[in-house]
Number of protein chains: 2
Amino acid sequence: MSTSALPYRPHNHDACVAQALADARAICQQRNARLTPTRERVLELIWQSHKPLGAYDVLAVLAEDGHNAAPPTVYRALDFLQQYGLVHRIASLNAFVGCTHAGKHHNGMFLICRSCGNVLELTAPDVAKAVSQAASAEAFQPEDVMIEIAGLCPACRANAPHD
Amino acid sequence: MSTSALPYRPHNHDACVAQALADARAICQQRNARLTPTRERVLELIWQSHKPLGAYDVLAVLAEDGHNAAPPTVYRALDFLQQYGLVHRIASLNAFVGCTHAGKHHNGMFLICRSCGNVLELTAPDVAKAVSQAASAEAFQPEDVMIEIAGLCPACRANAPHD
DNA sequence: TTTGCAAATGTTATAATGTTGCAAATTTTC
DNA sequence: GAAAATTTGCAACATTATAACATTTGCAAA
Ligand SMILES: [Zn+2]
Ligand SMILES: [Zn+2]
Ligand SMILES: [Zn+2]
Ligand SMILES: [Zn+2]
């Protein structure tokens, strides 16, 4: 069962999603935030795909669910999930992925495979430090750091070595 | 004269634009690319504003020029300018800025002030190295690195210290 | 000069992404 | 239970970007 869209590293993705949802519930409870059914469903949908999911992709699945939702429903849910660090928006793709470090204070850095579309979120302290120093050197006060790297993942490199 | 929209650091912005255009002409000639009037005008408009300019902002100015352009005209010009490294697209803003390192091989890193809207492009070798190492550690082959940092520029920090 | 081709532009329509505003429903608080 | 706050439903709209095809332009070979 599961892993129809082969993720970046093989694993039981159903368990992966279930864990993410459990974490999300815990985080929201701790912070007195309401993980309503719609919000939870949106989070689940985003997690089920390791590939970034667009807002209108989410909307389409909600429609299949029988949920007669309009764009604001999805965008509001996504805003909420972002606010609580449960999903990230990938600006270069206009799409969203589940945060793999939810709850922890972190600045994600995303490796986006241009071939298979999978995305891996990393926390790279060296990168964060270098970015912070570069900003400081300009007396700039960073608040939101966005790092998105498009390229080829290991699997796709192996499949197409001469590119 | 000029500098109606105060840039990040004070300077004669007309000269700044003129230099950028001269550089662009040289780069295009060297690479046998045609910097046509529309392309050059779009580049000029983008340079005239230190703040990122949206495609439809460009379109509006072209209309004022009397140039009855449609969206594809602008997007094509922008594609061309990006391809030759003359402008960058800021994904988090859906907008474009002139490249301050045109011709040189570089990966821009952008400091975007959320208060005044100005953008500073840096080349930070330490950041580039750290990113490259982090990607290597995942056996990922980076091709396009996007770093956009939203925050407060020095001037705006000074104006609103307690935020 | 003319002809032929590729690159660039014009034109129309449409797709994709994201927002505003307000009313109704739900949940929380008192 | 009533009042207040949060969340959702809904309709319209705004912004950003692309597709498809016709036309023009720049350039070079015949
Ligand atoms: Zn994260
Ligand atoms: Zn891949
Ligand atoms: Zn640049
Ligand atoms: Zn500023």
To the nearest angstrom, how far is [X] atom [atom1] from [N] atom [atom2]?
{"X": "R39(B)", "N": "dT25(D)", "atom1": "CZ", "atom2": "C1'", "answer": "12 Å"}
{"X": "L35(B)", "N": "dA8(C)", "atom1": "CG", "atom2": "P", "answer": "11 Å"}
{"X": "I90(B)", "N": "dT15(D)", "atom1": "CD1", "atom2": "C1'", "answer": "18 Å"}
{"X": "H67(A)", "N": "dT7(D)", "atom1": "NE2", "atom2": "P", "answer": "15 Å"}
{"X": "N68(B)", "N": "dG10(C)", "atom1": "CG", "atom2": "P", "answer": "9 Å"}
{"X": "N32(A)", "N": "dT6(D)", "atom1": "CG", "atom2": "C1'", "answer": "13 Å"}
{"X": "Y84(B)", "N": "dA7(C)", "atom1": "OH", "atom2": "P", "answer": "11 Å"}
{"X": "E40(B)", "N": "dT9(C)", "atom1": "CD", "atom2": "P", "answer": "12 Å"}

**Request:** Using a cut-off of strictly less than 4.0 Å, decide whether T73(A) has a side-chain nitrogen or oxygen near OP1 or OP2 of dC10(D).
**Result:**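 Looking at the OP1 and OP2 atoms of dC10(D), neither is under 4.0 Å from any side-chain N or O of T73(A).
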**Message:** Could you tell me the Watson-Crick or G-U partner of dA23(C), where both distances fall under 3.5 Å? Say none if there is no partner.
**Reply:**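 Result: dT8(D).
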**Where protein sits on nucleotides 17-30 of chain C, one letter per nucleotide: B base, S sugar-phosphate only, - none, heavy atoms under 4.0 Å** = BBBBB-----S---
**Message:** Under 3.5 Å, is there a donor on one side chain and an acceptor on the other for H13(A) and Q48(A)?
**Reply:**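 Distance-only check fails for H13(A) and Q48(A).
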**Asked** Side chains of Q82(B) and H88(B): is there a donor and an acceptor less than 3.5 Å apart?
**Response**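 No, no side-chain donor-acceptor pair sits under 3.5 Å.
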